[in-house]
Amino acid sequence: MHIVFAPKYRRQVIYGKMKAEIGKILRELCERKGIEIIAAECCPDHIHMLIRIPPKYSVSEIVGYLKGKSSLIIFDRHANLKYKYGNRTFWCRGYYVDTVGKNTKKNREYINNQLKEDWMADQISLSEYIDPFTGEKVKGNK
């Protein structure tokens with residue numbers, strides 16, 4: 001299963017110091033349920049996971065477990081976030097799920113290259129404030 005979920009309001013709290021810690025928390029929770037993580041990436045405002053779920057669990061059960069338990073652990077370890085962001089709702093309400101099947105290799109490559117693709121898209125959309133050819137200020141977004 002390819003699962004994508006994001007923090008509430010797309011807060012970029014998971015970026016930086018907490019990014020690695022949230023990855024460890026999710027890995028630990030997956031190990032408890034016997035879920036195999038094939039690939040995972042913590043992007044600045046969302047998380048991609050390619051996982052193999054045992055047949056005894058439903059997808060919604062696993063996503064609810066991962067989001068619910070991880071938010072409790074995050075707020076326990078970082079009590080200041082509770083006061084900053086409100087009553088223990090760290091993740092958005094929804095999530096995206098896609099079955100993988102034969103496309104496991106393509107999905108793994110997509111997840112592994114996600115940060116690089118996001119960076120490239122940001123570079124393309126940057127507006128220039130100084131014309132690189134003349135060195136003069138640009139009027140408007142051209």
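Hydrogens, waters and symmetry mates play no part in the numbers below; they use all other heavy atoms, side chains included.
- Contact detail for Pro54 and Gly34: the closest heavy-atom pair is CG-O, 3.4 Å.
- Ser70 is not listed as a side-chain neighbour of Tyr65, based on a closest heavy-atom distance of 4.5 Å or more.
- Side-chain contact between Thr99 and Val59: absent, with no pair of heavy atoms (C-beta onward) separated by less than 4.5 Å.
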field: Candidate pair Ile38 and Ile51, rule side chain to side chain contact (heavy atoms under 4.5 Å, CB included), full reasoning
entry: CA-CA 5 Å; Ile38 299 167; Ile51 58 176; over 6 Å; no

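- Under the rule for a side-chain hydrogen bond (donor to acceptor under 3.5 Å, both in side chains), Arg93 has no partner lying at least two apart in sequence or in another chain.
- A side chain to side chain contact (heavy atoms under 4.5 Å, CB included) with Ile35 is found for exactly one of Arg32, Lys33, Glu31, namely Lys33.
- For Arg27, the side-chain hydrogen bond (donor to acceptor under 3.5 Å, both in side chains) test picks out no residue, with sequence neighbours left out.
- Expressed to the nearest 0.5 Å, how far CG of Asp98 lies from CD1 of Ile3 amounts to 10.5 Å.
- Annotation: side-chain hydrogen bond (donor to acceptor under 3.5 Å, both in side chains) contacts of Glu61 (sequence neighbours excluded): none.
- Sorted by first then second residue, the salt bridge (charged side-chain N to carboxylate O under 4.0 Å, His left out) pairs that include residues 64-75, not counting sequence neighbours, number zero.
- Residues Lys24 and Glu28 are not paired through a salt bridge, judged by the lack of any N-O separation under 4.0 Å between the basic side chain and the carboxylate.
- Going from atom CG of Leu50 over to atom CD of Glu41 covers 12.5 Å, rounded to the nearest 0.5 Å.
- Side-chain contact check for Val4 versus Ile47: every heavy-atom pair is 4.5 Å or farther apart.
- Taking 4.5 Å as the limit, every side-chain heavy atom of His2 sits out of range of all side-chain heavy atoms of Met49.
- Residues passing the ring-ring contact (aromatic ring centres under 6.0 Å, His included) test with Phe5 are Trp91, sequence neighbours excluded.
- In this structure, the separation between CZ on Arg77 and CG on Leu72 is 12.0 Å, given to the nearest 0.5 Å.
- We find the NE2-OH distance between His46 and Tyr96 to be 12.0 Å, quoted to the nearest 0.5 Å.
- Scanning for side-chain hydrogen bond (donor to acceptor under 3.5 Å, both in side chains) contacts around Glu36 gives Arg52, with sequence neighbours left out.
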